[in-house]
Amino acid sequence: MFADFDDNLDFETNILNAGAYFRLSVSHPEALPIHMATAHNVEDLDDLQKRYDEKGFCYNRNRNPNRTALIELMNYVEGGEDSLGCSSGMAAISSALIANSKAGDHILSDKTLYGETFEIFRDILGKYGVETTFVDFTNIDAVKANIKPNTTILYTETVSNPLISVPDIQAIAAIAHANAAILIVDNTFMTGALVKPLQLGADLVVNSLTKFANGHSDAVCGAVTGKAELIKQIYHMQILVGTQADPFTAWLTMRGMRTLDLRIKKQSENAAALAAALDQSPYVLKVYHPSLKDHPQHELAAKQFGQYFGGMLSIELPEDREKMNKFMRGLKLCHYAMTLGGYRTSMAYPAMSSHSDMTKEERLAIGISDGLLRISVGIENTRDLVNDFANALEQAYGK
Ligand SMILES: *Cc1c(COP(=O)(O)O)cnc(C)c1O
């Protein structure tokens, strides 16, 4: 019989095969078909009961073969008992948070977060009587000091946006569990190919699969992965609010994820090479990437991530709009895009995107200057990429 995944095989091999690939069709196609059906015909009441008992297929909002395949792949990639396939990263994050909160609860969250995640805490959970405190999760003492008797959730990201800082997941999980709270980690920037927060003690991991996981900038999708009992509760909410990934999105995302391991390793290597080159440039004031020895959490990152430090980095240029415009126009390979994690290098400007609703003073207080650019590194040839940045910098800032 065909393989699904096998614990004796490497991640590189298993990511190609995990996920109900061969069970879902009688004719064993090399590519999984897209199951668009809204419902599956049931033979009799015994068959109906069997489908209920075995997570079979009845109605698309509950289960669909493509979503199940993606769920099984995510279980493997993140090393979790069960997952949910969601219509976006935000669907995954909001479902995980809302299903685990009730009025009167307190959440302790990292202070640098993906912008819309911050708004879930402030504008949605706040409205229903769930209070959130934001602290710097790279400061373990601050995390401990802000736990309250009613703290039920700790929330962080494996690598923060846009200053690329790295919290200690194991230490934070220990604090959560000592206080009977759960830890939820957003692993979008690293993915389960580079680090598995669940193995470091997190209870739930959320992912925007829109980014590195799918990697082709052509599908919006998300997932929650973790302990079966927690997933069951979030699944119940997903059925009620309808945040499931549709079959085509699940299919596209799964197709993208087959090459995730190859891509993200190359992206990490390219990011480290670009960070090292830009660190030497006389025109760049500062470079943020955990591969650099002077990154504040370099050692922790090496312990937590191993040899690959991820594809996200940020650079600080002098605050001169005209020269920054010239630099951006001079880049041939790096595009400005309101996304990240694609196979081509792209950049974003936090002061006018993710952090645009703050005043300049508020931004500066959390380290985001008007010269900061965030770069998502692609799989281009390393030399071509480094040269592209060197040329554009020379054009804009050179004599
Ligand atoms: C993009 C992103 C999200 C939201 O994902 P969508 O798929 O756009 O809904 C959440 N967290 C992080 C870190 C992200 O980069």
Side-chain angles (χ1 to χ4, degrees), residues 67 70 74 78 83-98 109-125 134 137 155-167 169 184-195 197 202 204-225 234 238 241-246 248-250 252-254 256-257 260 264 267 271 288 290 305 310-314 337-342 345-350 353-356 368 373-378:
R67 203 154 62 244
L70 177 65
M74 282 308 296
E78 287 289 356
S83 299
L84 295 174
C86 304
S87 54
S88 67
M90 285 319 299
I93 292 166
S94 57
S95 305
L97 286 168
I98 295 168
S109 170
D110 202 345
K111 73 178 168 114
T112 53
L113 285 178
Y114 184 71
E116 272 101 352
T117 304
F118 172 75
E119 291 177 37
I120 291 278
F121 289 122
R122 189 190 61 190
D123 301 342
I124 307 290
L125 289 167
F134 299 93
F137 269 41
Y155 187 94
T156 189
E157 298 172 354
T158 30
V159 171
S160 85
N161 176 25
L163 294 179
I164 324 294
S165 60
V166 181
I169 305 291
I184 305 181
V185 176
D186 180 337
N187 199 26
T188 301
F189 277 22
M190 294 303 281
T191 80
L194 299 186
V195 62
L204 288 171
V205 57
V206 289
N207 275 285
S208 168
L209 304 179
T210 312
K211 315 292 173 54
F212 288 94
N214 177 47
H216 291 70
S217 310
D218 54 11
V220 174
C221 191
V224 189
T225 307
I234 310 169
Q238 177 175 63
V241 297
T243 55
Q244 71 286 351
D246 72 87
F248 184 50
T249 295
L252 261 182
T253 302
M254 195 161 167
M257 281 183 67
L260 166 62
I264 202 153
Q267 284 166 310
Y288 301 87
F305 305 150
M312 298 303 298
L313 67 104
S314 288
M338 307 292 271
T339 187
L340 58 98
T345 298
S346 67
M347 65 157 62
Y349 182 59
S353 55
S354 52
H355 295 74
S356 58
I368 299 170
L373 284 171
R374 189 196 69 192
I375 302 161
S376 165
V377 179

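All ligand and atom numbering here is 1-based and tracks the order in the structure.
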Given 3.5 Å as the limit, does a donor-acceptor pair link the side chain of Arg374 with the main chain of Ala348, or not? no

Please state whether the rings of Phe134 and Phe118 are parallel, tilted or perpendicular, taking 30° and 60° as the class boundaries. tilted

Near Phe189, which atoms of ligand 1 are under 4.0 Å from a heavy atom of that residue? 13 (C), 15 (O)

With heavy atoms of Ser88 as the reference, note each atom of ligand 1 found under 4.0 Å away. 7 (O), 9 (O)

Shortest protein heavy-atom distance from [atom], along with the residue and atom involved:
atom                    : value
atom 5 (O) of ligand 1  : Ser208 OG, 3.0 Å
atom 7 (O) of ligand 1  : Thr210 OG1, 2.6 Å
atom 9 (O) of ligand 1  : Met90 N, 2.8 Å
atom 12 (C) of ligand 1 : Asp186 OD2, 3.4 Å
atom 3 (C) of ligand 1  : Tyr114 CE2, 3.4 Å

Suppose we screen for side-chain contact (heavy atoms from CB on, under 4.5 Å). Which residues come up paired with Ser87, at least two apart in sequence or across chains? Ala91, Thr243

State if Ile93 counts as touching ligand 1 under the rule of any non-hydrogen atom under 4.0 Å. yes

Least distance between heavy atoms, [X] atom then [Y] atom:
X      : Y      : answer
Ser217 : Gly342 : OG-CA, 3.7 Å
Gly192 : Glu78  : N-OE2, 3.2 Å
Pro290 : Ile164 : CD-CG2, 3.5 Å

Any heavy-atom pair between the side chains of Lys211 and Thr339 that's under 4.5 Å? yes

What do we get for Lys211 next to ligand 1 when only non-hydrogen atoms under 4.0 Å count, side chain, backbone, both or neither? side chain

If you take the nearest heavy atom of each of Gly222, Gly89, Ser87, which one is closest to atom 6 (P) of ligand 1? Gly89

